[in-house]
Chemist: 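Here it is: the structure, laid out below.
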Amino acid sequence: MLQSLIIEEKLPQVKRTFYFKRVTTQHSLEVLCNKLSNTDWSIVYNCEDINEMYNNFIECYQTLYEESFPKKKVYCDKQGSLYQVNPEINQMSKHNITCHRLMKTTSDPAIIEQCKNYRRFYKSEIVKMKKQLNADNIEKATNKSKAMWSIINKETGREAKGHTNIEILDGDQELKNPSEVANAFNSYFINSVQSLVSEPDGSAEQNVSRSCNSIAFTPVTELDIKNIIRKMKAKTSAGVDGIPSTIVKETAHQILKPLTFIINASMESGVFPQKLKIAKT
């Protein structure tokens with residue numbers, strides 16, 4: 001009888017929130033690798049300007065990445081990712097809401113008791129699913145300790161909160177803009193060093209020994225770059241270019257030649273690409 005009442009009960013449609021994300025699959029990785037293998041990197045090799053050289057490389061890389069990993073709509077439900085892992089939980093949640101309503105509108109003791117039993121069953125299933133989901137997240141995580149503490153902090157309500165309101169005093173001027181704060185710190189440390197070097201007694205230089213007046217770099221090889229990429233941590237988060245390190249590691253073989261060329265050209269000319277000076281905050 002309870003089941004028939006639950007089925008007949010019509011719940012109002014709840015507007016679901018969503019966001020867009022790039023989903024990584026083995027097929028999309030193969031597509032990206034094939035596109036990179038067939039790319040003509042003459043747009044990099046024929047450039048003389050370092051900034052133009054790197055811009056051509058990263059723009060081509062970004063374009064192929066976005067084509068191979070199109071953004072897909074992902075829905076955010078009230079219970080987090082439980083609904084994505086097990087769609088049955090979604091249906092059980094609707095039945096639970098129906099039971100709650102029936103308990104308020106009926107006076108039949110049998111129906112009320114069945115509703116209470118179902119709601120207890122629903123809560124126990126949610127607990128089991130959350131335990132399994134947390135265990136799976138820890139098992140898949142590269143840093144298992146960090147993943148475990150992240151879950152503990154989330155469950156205990158002690159998630160870290162970022163400090164977005166930064167205020168400092170630079171002389172008589174109050175700075176709140178993050179860029180202005182960063183520039184103020186930068187100027188302070190630069191001026192502090194210059195003031196030490198320019199001291200008349202030369203105390204800042206008395207313990208400094210200079211053995212040479214020049215510095216030299218040896219050209220890097222593709223093997224050097226390959227080893228550096230191999231040691232990178234595999235993370236799904238991305239910087240300003242929007243490409244996560246997991247993708248860089250998977251496509252290392254296809255981008256070794258242009259990357260090595262750019263790095264050697266940068267060291268030879270003494271020019272560092274402007275886009276690599278930008279950090280994601």
Chemist: Which is it for Ile225 and Ile263 under the side-chain contact (heavy atoms from CB on, under 4.5 Å) test, yes or no, and what are the steps along the way?
Modeler: CA-CA 9 Å; Ile225 305 303; Ile263 293 170; 3.4 Å; yes
Chemist: Which pair of heavy atoms, one from Pro70 and one from Glu67, lies closest together, and at what distance?
Modeler: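 Scanning both residues, the minimum pair turns out to be CD-O, 3.7 Å.
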Chemist: Please report the closest heavy-atom contact between Lys72 and Val23, naming both atoms and the distance.
Modeler: CD-CG2, 4.2 Å
Chemist: Give me the atom names and distance for the closest heavy-atom approach of Ser179 to Asn177.
Modeler: N-OD1, 2.8 Å
Chemist: Ignoring hydrogens and angles, tell me if any N or O in the side chain of Ser68 forms a donor-acceptor pair with the backbone of Leu64 under 3.5 Å.
Modeler: yes
Chemist: Donor-acceptor check, side chain of Ser124 to backbone of Phe121, threshold 3.5 angstrom: yes or no?
Modeler: yes
Chemist: Is the count of non-hydrogen atoms from other residues, nucleotides or ligands lying under 6.0 Å from Phe272 atom CZ greater than 12?
Modeler: yes
Chemist: Just how far is it from atom OG of Ser266 to atom CD1 of Ile50, taken to the nearest 0.5 Å?
Modeler: 5.5 Å
Chemist: Distance from Glu113 atom CD to Ile111 atom CD1, nearest 0.5 Å?
Modeler: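 Going from the CD atom of Glu113 to the CD1 atom of Ile111 covers 12.0 Å.
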Chemist: Under the side-chain contact (heavy atoms from CB on, under 4.5 Å) criterion, do Thr105 and Arg101 qualify, and how do the steps go?
Modeler: CA-CA 6 Å; Thr105 57; Arg101 291 177 177 175; 5.5 Å; no
Chemist: Within the side chain of Ser187, is there an N or O that forms a donor-acceptor pair under 3.5 Å with the backbone of Asn183?
Modeler: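 Present.
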Chemist: Just wondering, do Val220 and Thr260 contact through their side chains at under 4.5 Å, heavy atoms?
Modeler: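 Yes. Closest side-chain heavy atoms under 4.5 Å.
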Chemist: What is the distance from atom OG of Ser28 to atom CZ of Phe69, rounded to the nearest 0.5 Å?
Modeler: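 Interatomic distance, Ser28 OG to Phe69 CZ, rounded to 0.5 Å: 3.5 Å.
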Chemist: Between CD1 of Ile262 and CE of Met267, what distance do you get to the nearest 0.5 Å?
Modeler: 12.5 Å
Chemist: So with a 6.0 Å cut-off around CD of Glu268, is the heavy-atom count from everything else above 12?
Modeler: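 Atom CD in Glu268 is not packed in, count stays at 12 or less.
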Chemist: Suppose the criterion is side-chain hydrogen bond (donor to acceptor under 3.5 Å, both in side chains): which pairs have a residue in residues 216-243, not counting sequence neighbours?
Modeler: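 Sorted pair list: Thr221-Asp224, Glu222-Lys257.
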Chemist: Please enumerate all residues that pass side chain to side chain contact (heavy atoms under 4.5 Å, CB included) together with Thr251, with sequence neighbours excluded.
Modeler: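 Side chain to side chain contact (heavy atoms under 4.5 Å, CB included) check on Thr251 returns Leu32, Cys33, Leu36, Tyr61, Ile247, Gln254, Ile255.
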Chemist: Yes or no on ring pair (Phe, Tyr, Trp, His ring centres under 6.0 Å) for Phe261 and Trp41, after CA distance, side-chain angles and deciding distance?
Modeler: CA-CA 10 Å; Phe261 183 85; Trp41 293 111; over 10 Å; no
Chemist: What are the two closest heavy atoms between Ile229 and Val248, and how far apart are they?
Modeler: CG2-O, 4.0 Å
Chemist: Suppose the criterion is salt bridge (charged side-chain N to carboxylate O under 4.0 Å, His left out): which pairs have a residue in residues 19-30, not counting sequence neighbours?
Modeler: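 Passing the test, one end in residues 19-30: no pairs.
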Chemist: Taking the side chain as C-beta and beyond, is there a heavy-atom pair between Ile112 and Lys116 under 4.5 Å?
Modeler: yes
Chemist: Looking only at heavy atoms, which two atoms of Val240 and Ala279 are closest? And how far apart?
Modeler: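 Looking at all heavy atoms of both residues, the closest pair is CG1-C, 3.9 Å.
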Chemist: Count I, L, V, M, F, W, Y as connected when their side-chain heavy atoms are under 4.5 Å apart, and connections chain through other members. Are Val127 and Leu133 then in the same cluster?
Modeler: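 In one cluster with Val127: Leu133, no.
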Chemist: Are Tyr122 and His95 close enough that a side-chain donor and a side-chain acceptor fall under 3.5 Å?
Modeler: no
Chemist: Partners of His100 by side chain to side chain contact (heavy atoms under 4.5 Å, CB included), sequence neighbours excluded?
Modeler: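 Only Lys104, Arg119 meet the side chain to side chain contact (heavy atoms under 4.5 Å, CB included) criterion with His100.
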Chemist: Rounded to the nearest 0.5 Å, how far does SG of Cys99 lie from CD of Gln114?
Modeler: 9.0 Å
Chemist: Considering all heavy atoms of both residues, which atom of Pro219 and which atom of Asn264 are nearest to each other, and what is their separation?
Modeler: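 Minimum heavy-atom contact is CA-OD1, 3.4 Å.
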Chemist: Are Ile228 and Leu256 connected into the same hydrophobic cluster when the rule is that any two of I, L, V, M, F, W, Y join if their side-chain heavy atoms are below 4.5 Å apart?
Modeler: no
Chemist: Less than 4.0 angstrom from a charged side-chain N to a carboxylate O is my criterion; do Lys128 and Glu125 meet it?
Modeler: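 Yes, Lys128 and Glu125 are salt-bridged.
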Chemist: Tell me which pairs pass side-chain hydrogen bond (donor to acceptor under 3.5 Å, both in side chains) where either residue lies in residues 42-60, with sequence neighbours left out.
Modeler: Asp40-Ser42
Chemist: Give, for atom CD1 of Ile58 and atom OH of Tyr65, the distance between the pair rounded to the nearest 0.5 Å.
Modeler: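 Between atom CD1 of Ile58 and atom OH of Tyr65 there are 11.5 Å.
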Chemist: Which hydrophobic side chains are connected to Trp149, either touching it within the sub-4.5 Å cutoff or through other members that do?
Modeler: Ile138, Met148, Ile151, Ile152
Chemist: Check this for me: Lys131, atom NZ, are more than 12 non-hydrogen atoms of other residues, nucleotides or ligands nearer than 6.0 Å?
Modeler: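 Not more than 12 within 6.0 Å, no.
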